Each structure stands twice: as C-alpha cells, then as structure tokens.
Engineer: 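Would you mind keeping the following structure in view while I ask a few things?
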There are 2 protein chains.
Amino acid sequence: MHRALVVEDQNLMRLALMAELRAGLRDCYVAGAQTLPMAKQLLDQDQFDLVITDPGLPGFDPTSRHDRLHVVETIIEAAPGAAHLVVTGSDDEDEALACRLLGARAYICKTGLSQGELPLVLKQIDRGEFSIQLSDLDTAKLDLRFPTLTPREDEILAMMMHRNTGTKRRAVFQEMATKAGINAASAERYYKQARAKLLKLGRLPEGL
Amino acid sequence: MHRALVVEDQNLMRLALMAELRAGLRDCYVAGAQTLPMAKQLLDQDQFDLVITDPGLPGFDPTSRHDRLHVVETIIEAAPGAAHLVVTGSDDEDEALACRLLGARAYICKTGLSQGELPLVLKQIDRGEFSIQLSDLDTAKLDLRFPTLTPREDEILAMMMHRNTGTKRRAVFQEMATKAGINAASAERYYKQARAKLLKLGRLPEGL
DNA sequence: CGCAATGGGGATGGCATCATCCCCTTTTGT
DNA sequence: ACAAAAGGGGATGATGCCATCCCCATTGCG
C-alpha cells in the first residue's frame with residue numbers, strides 16, 4: 001500500500017497531480033494539502049512513501065529562493081523516510097541542485113510535465129536516479145478537446161493531430177495500440193468513430 | 001456551439017481547465033495553446049467565444065507586470081469579440097484592475113479556483129459582471145483520494161469529510177442529492193459503498 | 001492491374017458506473 | 001422508551017465505454 005501526499009496550493013493542479021498518482025500507482029491512497037501547516041499536520045499524523053511538493057505555497061514569497069527552499073526543507077524533514085518530488089512552476093537548474101542536496105529525489109517543472117509522465121519519473125527514482133525535468137517547449141503542441149468524444153477517441157485524435165508530417169495513419173494506430181496495450185484495429189475504430197462524431201458536428205479540424 | 005481556448009503553459013493545468021470547460025459548457029469545443037505564438041495562430045485561424053489566459057507564459061518574465069499585461073493585451077487584441085478570463089497563479093488586485101481595463105471579463109486566482117467553480121464564473125460574466133476571485137485559504141481543506149472509489153463515491157466522501165462539525169450526515173446526503181440532481185437515498189448508498197471499500201482496505205479516515 | 005492505405009460503417013460481449021429499489025440491525029438523542 | 005439517525009448490505013435495469021470482429025467502397029501508387 002503506497003501512501004502519497006501532494007502539497008500544492010492550486011486546487012486544480014493538486015487534483016490533477018493526485019489523479020496522476022492514482023492512475024500511476026496501484027493500491028495507494030493519495031492525500032492533498034493546500035498549505036504548509038496542513039502538510040505538516042498530515043505528515044505528523046501518518047506515514048507517507050511519496051510526497052510531491054510545490055515550493056510556492058501561500059504565506060511564502062514564491063520568488064524568494066530562501067522561502068522556497070525553506071518549504072522543501074521543512075517538508076523533507078517532516079517525512080525523512082519518504083521519496084520527495086519537487087514540482088514547480090518556475091524553471092531553475094540551481095534550485096534543482098539545491099533540492100537534491102536537501103534530499104529530494106526529483107525536480108520537475110510543471111511546464112514540462114504532461115499527462116501520464118509521472119509514472120516515468122517514479123520509475124526513474126525507483127532506480128535510484130535523480131529525476132530532473134525542466135521546461136520543454138520543443139514538443140509544444142496544440143490541444144483540442146471535444147466534449148462528445150470518449151477518452152479513447154480523444155486520445156487517438158490527439159495522437160493523430162500531433163503526428164509528424166509524413167507519418168501514415170496506420171503507424172499512429174500501431175503506436176497507440178502498443179502504448180495502450182490494445183489492438184491496432186481497435187485504435188483505428190476509435191479514430192473512425194471520433195471522425196464521424198466531428199463530421200456530424202461540422203467541426204472536423206484540418207488534416208482530419 | 002461555444003468555442004473556447006485555454007492559453008496556459010502548464011500541461012496539467014491546461015488540461016484541467018479544458019476539462020472544466022468541457023464539463024461546464026454544452027456543445028462546445030475547447031482548444032489549448034501552450035505559448036503566445038500558438039495562441040495567436042489559433043485565434044487568427046478561428047473565432048472563439050471564450051478565452052482563458054494565464055499571463056505567465058514561457059518567454060516572458062512572470063514577475064514583470066509589463067510582460068504579464070502585454071500577454072493579456074496581445075490575446076485580447078487578437079480576439080476582441082471573445083469573453084476573456086485571466087487565470088493566474090499570483091494574487092494581485094491591481095493587476096486584476098489593469099486586466100479589467102484591458103477588456104478582460106474575469107480575473108481568477110488559481111489558488112482560489114476549485115473544481116466545478118468555473119461555471120459560476122461564467123454565469124457571472126454572462127450577467128455582465130466583472131468576476132474577480134482572489135486566493136481564498138479560509139476554506140482550505142484536506143483532500144483525500146482513494147483509487148478504488150468511483151467518482152460518485154469519492155464525491156460524497158469528500159463532502160462528508162469537509163462538512164462543518166455538527167452537520168448531520170443526512171443533511172450532506174440531501175446536499176449532494178440536490179447538487180447532483182439525484183436521490184438523497186442514492187447519495188447515502190454511495191457513501192455506504194465508499195465506507196465499505198475503505199473499511200476493507202483498513203484505511204478508514206477519522207470521522208468516518 | 002494489384003495492393004496498401006484510407007474512409008465509413010454495423011454488431012458483439014464484457015464490464016463498470018449510475019441511480020434506484022429493497023431489506024435489516026445498531027446507535028443515539030430526548 | 002420511542003423516534004431519528006446511522007451502519008451494512010443485496011439486487012436491479014439502464015447506460016456508456018472498451019475492445020474486438022466483421023463488412024464495404026474509394027483512393028493512390030508502382
């Protein structure tokens with residue numbers, strides 16, 4: 001049983017991180033805290049295996065190096081046995097190093113963290129590595145979401161729109177198939193279904 | 001058909017905002033952009049009814065008043081016909097006013113924005129009001145998420161744990177019933193189911 | 001031409017969730 | 001002691017998504 005804690009003041013981000021953990025960990029429960037006092041309270045009450053901390057908490061100056069590291073240090077000292085991940089909105093290699101020296105196992109920039117990538121980070125730190133992920137805008141992509149699509153349909157559409165020019169649809173079906181552990185024909189089915197829905201709505205993006 | 005755009009560089013936050021829009025709007029499609037150039041490209045290609053912008057985009061200094069307002073101004077000028085919401089991580093009443101003068105219809109702090117609250121903001125601006133929502137930590141609550149629970153079970157558990165002391169469970173069932181448009185007995189059923197699952201896991205929080 | 005890729009579907013079983021109905025026992029409050 | 005509240009379930013149909021299998025027509029290319 002894994003016990004994880006997410007310390008982050010932005011509600012939607014905290015919920016998103018908690019959802020990522022839920023999806024990535026089996027047999028776990030995930031707690032969330034919005035402030036440093038609440039985090040300390042939880043860490044005193046209970047033992048955690050994994051703690052994700054955003055150093056920019058309310059009551060501290062998010063632009064102050066000292067304040068940010070103080071938050072990280074406080075959390076790490078309150079749970080010395082846990083694996084600590086620092087997740088931040090800003091992007092600073094020096095701060096990453098400082099966090100590492102404080103005992104953190106990973107330093108991740110929110111800008112470079114996409115859905116489903118947290119498990120990769122966890123695998124990395126399981127191997128004993130320090131995982132550092134700075135902002136990555138080379139892979140910047142457009143997003144499109146259509147409410148009437150199911151998750152699978154959304155997924156294959158996103159992959160299709162983000163594919164490199166020249167890549168055949170078949171290849172994308174195969175890619176999704178291996179990634180999702182399903183049949184390539186099923187991926188194709190989802191794509192067709194999604195396409196049909198968008199056609200009916202008259203909202204088919206260019207490049208189909 | 002509503003067309004919405006979310007301009008935000010943090011992937012998880014952008015997806016969360018897009019999900020909020022999907023849940024809150026009927027017959028809409030939602031696009032996302034990670035950078036200002038991508039946002040401009042989308043705004044030039046297509047017309048949007050609603051644009052949500054985080055002024056702290058890559059390539060700009062998130063602590064610089066000038067840079068932040070420049071982002072907001074650029075976006076608003078690129079889509080003068082849309083309703084513009086500014087969503088930010090920092091908390092600044094002066095900046096809110098400046099955004100209002102630039103033509104924004106709402107200024108929302110991420111710290112104060114919870115799941116399901118975006119529709120309330122949209123209703124407000126539909127009435128022609130300027131919606132301002134600064135950080136709100138009075139209502140700071142603990143979060144707990146258990147992976148084995150269904151959304152409904154999670155929902156009623158969260159409401160139950162966040163209820164004011166003295167409130168009867170019955171009242172919470174009724175509250176969820178009216179909010180979700182279901183039967184109070186069903187809410188009670190979800191609560192019981194959730195409780196049973198946590199009991200089996202030996203992870204029942206205090207206060208049941 | 002033949003073949004691969006694409007576009008456009010129908011039908012299926014399995015499964016989880018939703019929302020509702022019903023039953024019962026125990027605890028708590030007044 | 002009596003009623004209200006709470007704990008602990010079983011069973012149900014409806015619905016939607018997942019994953020798979022099948023069919024067909026059209027297009028492009030060597």
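Letters go in sequence order (proteins before strands), and every chain restarts at 1. Remember, predicted model here, so these are calculated numbers, not experimental data.
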Engineer: Is the base of D/dG10 touched by the side chain of B/R189 through a donor-acceptor pair closer than 3.5 angstrom?
Structural biologist: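 Such a pair exists between side chain and base.
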
Engineer: Does B/K197, at its NZ atom, have more than 12 non-hydrogen atoms belonging to other residues, nucleotides or ligands within less than 6.0 Å?
Structural biologist: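 Result for NZ/B/K197: enclosed.
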
Engineer: Which part of the nucleic acid does B/S186 contact within heavy-atom distance under 4.0 Å: base, sugar-phosphate only, or nothing?
Structural biologist: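 Base, at least one base atom sits under 4.0 Å.
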
Engineer: Whole angstroms only, please: what is the CG-P distance between A/D154 and D/dC18?
Structural biologist: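 Computing the A/D154:CG to D/dC18:P distance gives 10 Å.
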
Engineer: Which whole-number value in Å describes the distance from B/M160 CE to D/dA5 P?
Structural biologist: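 Going from B/M160 (CE) to D/dA5 (P), I get 13 Å.
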
Engineer: Which comes earlier along DNA chain D counting from the 5' end, the contact point of A/L149 or that of A/A184, where each point is its nearest nucleotide?
Structural biologist: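 In this pair, the answer is A/L149.
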
Engineer: Side chains of A/I182 and A/R189: closer than 4.5 Å at any heavy-atom pair?
Structural biologist: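 When only atoms from C-beta onward are counted, A/R189 and A/I182 do not touch, as no gap falls below 4.5 Å.
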
Engineer: Where does the angle between the aromatic ring planes of B/H70 and B/F60 fall among parallel (under 30°), tilted (30 to 60°) and perpendicular (over 60°)?
Structural biologist: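 Rings of B/H70 and B/F60: tilted, as their planes differ by 30° to 60°.
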
Engineer: Using atom OH of B/Y191 as one end and atom C1' of D/dG7 as the other, report the distance to the nearest whole Å.
Structural biologist: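 About 8 Å, once rounded to whole Å.
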
Engineer: I want to confirm an ordering. Mapping A/E188 and B/R152 to their closest nucleotides on DNA chain C, which one lands closer to the 5' end?
Structural biologist: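 Checking each residue's closest nucleotide, the 5'-ward one belongs to A/E188.
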
Engineer: Nearest of C/dG7, D/dC17, C/dC18 to any side-chain atom of B/Y190?
Structural biologist: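 Taking heavy atoms from C-beta onward, the closest nucleotide is C/dC18.
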
Engineer: By nearest heavy atom, map B/R170 and A/A187 onto DNA chain D; which one lands nearer the 5' end?
Structural biologist: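 Of the two residues, B/R170 wins.
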
Engineer: Rounded to the Å, how far apart are B/K197 NZ and D/dG7 P?
Structural biologist: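 Result: 18 Å.
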
Engineer: Report the nucleotide, chosen from D/dG8, D/dC17, C/dT17, that has the shortest atom-to-atom distance to any side-chain atom of B/L199.
Structural biologist: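 The answer is D/dG8, which lies nearest to the side chain.
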
Engineer: Give the nucleotide from the list C/dG7, D/dG7, C/dC18 with an atom nearest to the side chain of A/K192.
Structural biologist: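 That would be C/dG7.
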
Engineer: Given A/Y107, which of A/H84, A/E93, A/E95 fulfils the side chain to side chain donor-acceptor pair (under 3.5 Å) condition?
Structural biologist: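 Among the candidates, only A/E95 passes.
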
Engineer: Given salt bridge (Lys or Arg N to Asp or Glu O under 4.0 Å), test B/K179 with B/E155 step by step and report yes or no.
Structural biologist: CA-CA 11 Å; B/K179 199 156 68 171; B/E155 192 180 348; 5.8 Å; no

Engineer: Roughly, in whole Å, what's the span from CD1 in B/I156 to C1' in C/dT20?
Structural biologist: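 To the nearest whole Å, that distance equals 16 Å.
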
Engineer: Closest approach to the side chain of A/N183, judged atom by atom: which nucleotide of D/dC21, D/dG7, C/dT17 is it?
Structural biologist: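 Of the options given, the side chain of A/N183 lies nearest D/dC21.
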
Engineer: How do B/I182 and B/K168 order along DNA chain C: which one's closest nucleotide is nearer the 5' end?
Structural biologist: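 In this pair, the answer is B/I182.
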
Engineer: Which nucleotide in the set C/dT17, D/dG7, D/dG9 lies at the smallest distance from any side-chain heavy atom of B/P151?
Structural biologist: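 Per side-chain heavy atoms of B/P151, the pick is C/dT17.
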
